Amino acid sequence: MEDVNRRLVLAERPIGMVDGSTVRMENVPIPGPGQNEALVRVQYLSIDPTIRTWMDDAPGYLPPIGIGDVVRGAGIGEVVATNSDRYAVGDLVFGLLGWQDYAVAGEGDAALQTLPAGVAPTLALNLFGVNGMTAYFGLLDVGRMAEGDVVVVSGAAGATGSAVGQIAKLKGAAKVVGLAGTDEKCRWIVDQLGFDEAINYRTDNVGRRLREACPNGIDLYFDNVGGMILDTCLGQLALRGRVVLCGAISTYNDKRRPAGPGNYRNLIGLRGRMEGFIILDYVDRFPEAQAAMFGWLTEGRIHHAEHVVKGLESAPDALNLLFTGGNMGKVIVEI
Ligand SMILES: NC(=O)c1ccc[n+]([C@@H]2O[C@H](COP(=O)([O-])OP(=O)(O)OC[C@H]3O[C@@H](n4cnc5c(N)ncnc54)[C@H](OP(=O)(O)O)[C@@H]3O)[C@@H](O)[C@H]2O)c1
């Protein structure tokens, strides 16, 4: 065991992308676990776009990260000391462990749910973690995907979007179209993941390609990006089309309020529905989705990719990968 806890704290609020002055590395003593607590050595960090939103001093579904506080983020680690009946040494614990080497787990904290044997810890941060759960419940519960739907998903080569498109196929979508930012990503989602079509939103004419791919309109649009892509998809909804508002990554580094999509009004005439959601509301039902994931995984019917970056000090650069599109699959920091 190293004798210090290295931790990354928020030094100042970023304007735009995070940079060298956003976080500061501190060396502090390793915290001792108190009564009913366990000490966890963090192994992997889940790098999520929402971390960028927590760095702003703005209201949200969780409070902003305080200046001087450890950057909040999910991770997985191993219990190395315990004063709790709930945690044994060697247990893997998943939760908001933060950007640091060691974290203290209390008995009330969310701990890793039992994973099927043979599932790697990095998968607990991907298909079996927030991204897989978001894809599953966002598509099936919030989006009420039905067999025969024409489904479009943005951020399609990302951790969440890549699972959305595959689950849509597994659940009988008539067609699944993905939007991604490079030709390599477009090839991956079609050739390896089984999407029917891919559109490179940086080089293709998105409106025209969507009209060709979905001549009768989009039954379900799963939105990970917001902005112009959301607006274009709203303009091509089918009768009783649905829009799942999962995220708006195209706006997270913006200082200005994004311009409102004019095509929202299509929801009225087409009796469409769009609904935002936060995956934390589904925690009690994670085992249901994890059982489905495990079945698909062992049958070789669902695929995943991890983009692993080494070293705690690389966490800010890893966060920026989400915004430059430098990642293929789930971004994870290995400590
Ligand atoms: N509602 C919830 O509870 C919940 C839970 C988890 C995640 N989310 C949301 O889901 C979305 C995806 O998150 P993730 O963790 O799975 O990340 P991810 O998709 O693995 O990575 C982010 C991807 O977004 C794309 N992107 C970045 N800037 C963009 C822009 N301006 N326009 C279009 N695409 C852009 C990039 O791919 P390209 O190369 O294709 O541009 C990048 O690889 C985020 O909006 C996140 O906030 C919501």
Side-chain angles (χ1 to χ4, degrees), residues 16-17 45-56 60-62 73-74 96 122 125-139 141-143 152-167 177-189 193 195 198-204 206 221-233 243-254 258 261 274-283 285-286 289 304-309 318-333:
M17 305 262 276
L45 294 175
S46 172
I47 302 298
D48 295 290
T50 196
I51 296 170
R52 175 63 189 80
T53 69
W54 297 336
M55 289 176 170
D56 288 332
Y61 64 93
L62 288 180
L96 289 172
T122 48
L125 302 181
N126 193 355
L127 283 182
F128 290 84
V130 161
N131 302 107
M133 300 302 101
T134 299
Y136 186 95
F137 291 111
L139 183 73
D141 205 89
V142 182
V152 173
V153 54
S154 53
T160 306
S162 62
V164 169
Q166 293 183 85
I167 296 170
V177 180
L179 287 96
T182 68
D183 288 343
E184 186 196 1
K185 291 182 182 188
C186 286
R187 277 193 299 275
W188 184 61
I189 63 175
L193 307 188
F195 283 56
I199 298 173
N200 181 335
Y201 72 87
R202 291 185 197 273
T203 56
D204 288 336
V206 175
Y221 170 54
F222 193 104
D223 186 37
N224 284 315
V225 303
M228 282 310 297
I229 292 177
L230 168 61
D231 199 32
T232 303
C233 290
V243 175
V244 177
L245 294 180
C246 175
I249 193 168
S250 72
T251 67
Y252 293 171
N253 285 312
D254 284 355
M274 89 194 241
E275 185 175 343
F277 76 108
I278 293 295
I279 193 56
L280 300 179
D281 300 341
Y282 285 90
V283 168
R285 290 179 57 195
F286 277 14
H304 57 94
E306 283 85 35
H307 186 122
V308 180
V309 178
L319 182 60
N320 279 338
L321 287 176
L322 300 170
F323 298 97
T324 60
N327 65 314
M328 181 79 125
K330 173 69 193 172
V331 181
I332 288 172
V333 167

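Computed over heavy atoms, backbone and side chain alike; hydrogens, waters and symmetry mates excluded. Note that this is a predicted model, so its numbers are computed, not measured. Indexing begins at 1, ligand by ligand and atom by atom, following the structure's order.
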(request) Decide whether an N or O pair under 3.5 Å exists between Phe277 and ligand 1. (result) yes
(request) Say whether Ser250, considering both its backbone and side-chain N or O atoms, lies within less than 3.5 Å of an N or O atom on ligand 1. (result) no
(request) Report, in ascending order of atom number, the atoms of ligand 1 lying under 4.0 Å from any heavy atom of Ile278. (result) 3 (O)
(message) Please list, in number order, the atoms of ligand 1 under 4.0 Å from a heavy atom of Gly325.
(response) 36 (C), 37 (O), 39 (O), 42 (C), 43 (O)
(request) Report the nearest protein non-hydrogen atom to atom 34 (N) of ligand 1: residue, atom name, distance rounded to 0.1 Å. (result) Tyr201 OH, 3.3 Å
(message) Looking at ligand 1, is there an atom of it that comes within less than 4.0 Å of some heavy atom belonging to Ala248?
(response) yes
(message) Could you report the tightest heavy-atom contact between Ile167 and Ala135, atom names first, then the distance?
(response) CD1-CB, 4.2 Å
(request) Nearest 0.5 Å please: distance from the CD atom of Glu306 over to the OG1 atom of Thr122. (result) 4.5 Å
(request) For Gly158, take its heavy atoms, then give the atoms of ligand 1 lying under 4.0 Å from any of them. (result) 18 (P), 19 (O), 20 (O)
(request) Could you check atom 48 (C) of ligand 1 against the protein and tell me its nearest heavy-atom contact, residue, atom and distance included? (result) Cys246 O, 3.1 Å
(message) Checking contacts here: is it the side chain or the backbone of Val225 that comes within 4.0 Å of ligand 1, counting heavy atoms only? Could be both or neither.
(response) side chain
(request) Before signing off on this row, confirm whether Ala159 and ligand 1 have an N or O atom pair separated by under 3.5 Å. (result) yes
(request) Could you pull out the closest heavy-atom pair between Tyr252 and Gly247, with the gap in Å? (result) OH-CA, 3.5 Å
(request) Quick one: look up the protein heavy atom nearest atom 37 (O) of ligand 1 and list residue, atom name and how far away it is. (result) Lys185 NZ, 3.4 Å
(request) Answer with yes or no whether Thr182 contacts ligand 1, where contact means a heavy atom under 4.0 Å from a ligand atom. (result) no
(message) Checking a contact table here: which protein heavy atom is nearest atom 28 (N) of ligand 1, and how many Å away?
(response) Phe323 O, 3.6 Å
(message) Once rounded to the nearest 0.5 Å, what's the spacing between atom CG of Asp141 and atom CZ of Arg285?
(response) 4.5 Å
(request) With rounding to the nearest 0.5 Å, note down the distance linking OG in Ser162 to CZ in Phe195. (result) 6.5 Å
(request) Enter the distance from Ile199:CD1 to Ile229:CD1 here, rounded to the nearest 0.5 Å. (result) 9.5 Å
(message) So is Ala157 touching ligand 1 or not, going by heavy atoms under 4.0 Å?
(response) no
(message) Whether the Thr50 and Asp48 side chains hold a donor-acceptor pair (N or O, under 3.5 Å, no angle test) is what I'd like checked.
(response) no
(message) Between ligand 1 and Lys330, can you find any atom pair, the residue atom being a heavy atom, that is separated by under 4.0 Å?
(response) no
(message) With rounding to the nearest 0.5 angstrom, report the CD1 to CD1 distance, Ile47 to Ile332.
(response) 9.0 Å
(request) List the closest protein heavy-atom neighbour of atom 3 (O) of ligand 1: residue, atom name, distance to the nearest 0.1 Å. (result) Ile279 N, 2.7 Å
(message) Asn327 versus ligand 1: do any nitrogen or oxygen atoms come within less than 3.5 Å of each other?
(response) yes
(request) Can you sort out which atoms of ligand 1 are near Ala180, meaning under 4.0 Å from one of its heavy atoms? (result) 40 (O)
(message) More than 12 heavy atoms of other residues, nucleotides or ligands under 6.0 Å from CD of Glu275: yes or no?
(response) yes
(message) On a heavy-atom basis, I'd like to know which of Thr134, Leu322, Val142, Thr50 is closest to atom 27 (C) of ligand 1.
(response) Leu322
(message) Show the nearest heavy-atom pair for residues Gly138 and Val244, with the distance to one decimal.
(response) O-CG2, 3.6 Å
(request) Return a yes/no value for Asn131: is any of its N or O atoms, backbone included, closer than 3.5 angstrom to an N or O of ligand 1? (result) yes
(request) Please state which part of Val130 comes within less than 4.0 Å of ligand 1, counting heavy atoms only: side chain, backbone, both or neither. (result) side chain
(request) Please assess Val225 against Leu179 for the test side-chain contact (heavy atoms from CB on, under 4.5 Å), listing each intermediate value before the final yes or no. (result) CA-CA 10 Å; Val225 303; Leu179 287 96; over 6 Å; no
(request) Just go through Asp223, Ile51, Thr160 and tell me whose heavy atom is the nearest to atom 7 (C) of ligand 1. (result) Thr160
(message) Is a donor from one side chain sitting under 3.5 angstrom from an acceptor on the other, for Asn131 and Thr160?
(response) yes
(request) Around atom 40 (O) of ligand 1, find the nearest protein heavy atom and jot down its residue, atom name and distance. (result) Gly181 N, 2.8 Å
(request) Please round to the nearest 0.5 Å and tell me the distance separating atom OH of Tyr136 and atom CG of Leu139. (result) 10.0 Å
(request) Quick one: look up the protein heavy atom nearest atom 47 (O) of ligand 1 and list residue, atom name and how far away it is. (result) Tyr252 OH, 2.8 Å
(request) Heavy atoms only: give me the nearest Asn327-His307 pair and the separation to one decimal. (result) CA-ND1, 3.4 Å
(request) Considering heavy atoms of the protein only, find what lies nearest to atom 11 (C) of ligand 1 and give residue, atom and distance to 0.1 Å. (result) Asn224 OD1, 3.5 Å
(request) Would you please determine whether Met328 falls within less than 4.0 Å of ligand 1 on a heavy-atom basis? (result) no
(message) Ignoring hydrogens, what is the shortest heavy-atom contact between Ala305 and Met328? Give both atom names and the distance.
(response) CB-O, 3.9 Å
(request) Pull out every atom of ligand 1 sitting under 4.0 Å from any heavy atom of Arg202, numbered as shown with elements. (result) 41 (O)
(request) Indicate whether any N or O donor in one side chain lies under 3.5 Å from an N or O acceptor in the other, for Tyr282 and Thr134. (result) no
